[in-house]
Asker: 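The structure's right below; bear with me while I get my questions together.
Predicted model only: the values in this text are computed from it and were never measured.
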Amino acid sequence: MKIEKVTIRNFRNIEKIDLTPKPGLNLFTGNNGQGKTNLLEAIHVLASGSSFRRATDFNLTKNDADGYELESDYSLEGRRINSGIRYSLDSTKQFVINNKKTNFSNKDRLRVVIFTPDDLFLIKGSPSKRRAFLDFILKQISGEYSYNLDKYMTILRKRNIFLRKEQTSLKSFKIVNDLFVENAVKLVIQRINFVHILEEVCRYIYSQINEAGSDMKMKYALSFEIESDKINMGVLQSALHQHIEKNRDEESRRKKTLAGPHLEDLNVYYDRRPAQIYASQGQQRNISISMKLAELHAFHSIKGFYPILLLDDVLSELDDQKKKRLISYLHQADFQTFLTVVNTDGIKIDEIPNWRMDEGRLL
Amino acid sequence: MRLPRPLEDLIDQLQKLPSIGPKTAQRLALYILKLPSEEARRLARVIIDVQDKVFPCSICGNLTDSDPCSICSNPTRSINSLCIVEEASDIIPIERTGYNGRYFVLNRGFKLMDDSDPADMDVQPLLHILNDGKVQEVILALNPTIDGEVLSRFLATVISGHNVKVTRLAYGLPIGGDIEFADEITLRRALEGRKEF
């Protein structure tokens, strides 16, 4: 998928932008507060209907304007598609693809993967960030996963209610517990299989954008112990059943479910040591970029095309060597990237299509 | 403007009905107002009658105006198979398939997230039927949702020990549907439940 044209009207501080990006890397430079991120945000809104900065449509509209308009032309596996979104302050919002009104589950819509400075928390942050990362991709590529996850969450809530009310001796607790284990294991298996694929892709990308010698690894961390090294449905089910049985007193004391995919983690290692503790800011950033790029490749191998990559201010904190490697990787990649930077030191800017942003205008 | 009191009362009552909003209620009320007197009286009478004369069958729980209901008292229907459904309204579509066994109606929905525990359910009438020993197969015809799944599992534990086969409806594609547009979960269930051709 490649964007050929973007039109933005009255969006944030942008009054009017008509951009014709190039198929590979597109660089946007400018000082703070000039509208670089707003441009990425506009593309994100075109793809998903909402901002990645938790802004409402009202927030997104330029001061003094009565609504915003976004439009894009893009190619998708040889087809040319036009999509547009029009919002006006009286709260009507219309999304069209090829002049037909539609919604954001339309399979021809623009697809993006976004990386913002917040994504650094993928390494540093709590396990919930990494679970959300896995769940987000898995939900996109598998309807079955999405269904299982919803079902698991419902059963988990019910199981916790039983524990809170000390009703674990009821017949229905046993039924819910069995269902809980069955669904937990389905999710765990899908996650483990996916992490295997993701790790392979991620390590390859990491080696491309980093100097030789350093290495990264990923491992899915279960919330219960298994004895056999072979992992399958049956092994996991009996292990989880055993774990729950062993920790029954602890569970009834704390009145909540203490094992299951809702508590599991994706461990990331830098040179065989936990990246969370041992990797520097810059290294953590590079690992999380590799993970996001791996997400992009996973999307490609399953859907058959690449989404658009939006990178917001990822170069800061990287040394010149790492900057160069990342830029040249993106420049040669098969997918289209929109990258914002403040500081162009260490970038051979003449070789890359670039625009300067100033007070909401492209120069 | 204030409507005449009786008309307002009627609109209020109609609005309490499911899927009836203020506008529809008003339209229905005005329609009723214009009906010939005899028609209006008949409408009022059937509303009272339906409450007085229709009750659940003492054997199967189906709605009926004579006990036992027409299905339970029909000697040509087989007692070998017993189909368990949530509501009496579920019987209507199953009847259209030509199913010739008997039913058991739970007459109660089950929502996992509400406080209801399936074990609170009165299963005595069901055990009563099973204790006769004539039923050979129980068909669980509950909705393919988590609620239906929990309820099915609960009923299976109730039935176990009675030496009857317990089956549930197959998951799969609707007839006349298009595989292209089937969601992957349904399609996967259909693949799992495929039959030799």
Asker: A/Phe305 and A/Phe299: aromatic ring centres closer than 6.0 Å?
Answerer: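 Under 6.0 Å, so yes.
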
Asker: Using side chain to side chain contact (heavy atoms under 4.5 Å, CB included) as the criterion, point out the one residue from B/Cys57, B/Pro56, B/Ser58 that pairs with B/Cys69.
Answerer: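 Exactly one candidate clears the test, B/Cys57.
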
Asker: Given a strict heavy-atom distance threshold of 4.5 Å, which part of A/Leu170 is in contact with chain B: side chain, backbone, both, or neither?
Answerer: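 Contact with chain B involves the side chain of A/Leu170 alone.
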
Asker: Salt bridge or not between A/Asp265 and A/Arg131? Use side-chain N to carboxylate O under 4.0 Å.
Answerer: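 Between A/Arg131 and A/Asp265 there is no salt bridge, as every charged N stays at least 4.0 Å from the carboxylate O atoms.
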
Asker: Taking every non-hydrogen pair under 4.5 Å, which of A/Lys174, A/Arg157, A/Glu144 racks up the most with chain B?
Answerer: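 Highest number of heavy-atom pairs under 4.5 Å: A/Glu144.
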
Asker: Judged by atom type as modelled, is there a donor-acceptor pair below 3.5 Å linking the side chain of B/Thr145 to the main-chain atoms of B/Gly148?
Answerer: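 Yes.
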
Asker: Among B/Ile185, B/Thr157, B/Val150, which residue has the highest count of heavy-atom pairs closer than 4.5 Å to chain A?
Answerer: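 Among B/Ile185, B/Thr157, B/Val150, the one with the most close pairs to chain A is B/Ile185.
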
Asker: Go through the atoms of B/Arg188 and report whether side chain, backbone, both or neither lie under 4.5 Å from a heavy atom of chain A.
Answerer: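 The answer is the side chain of B/Arg188.
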
Asker: Which of these, B/Leu82, B/Ile94, B/Asp90, sits in a side chain to side chain contact (heavy atoms under 4.5 Å, CB included) with B/Tyr103?
Answerer: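 Looking at B/Leu82, B/Ile94, B/Asp90, the match for B/Tyr103 under the side chain to side chain contact (heavy atoms under 4.5 Å, CB included) is B/Ile94.
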
Asker: With a 4.5 angstrom heavy-atom cut-off, could you sort out which part of A/Lys171 is near chain B: side chain, backbone, both or neither?
Answerer: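 Contact with chain B: side chain only.
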
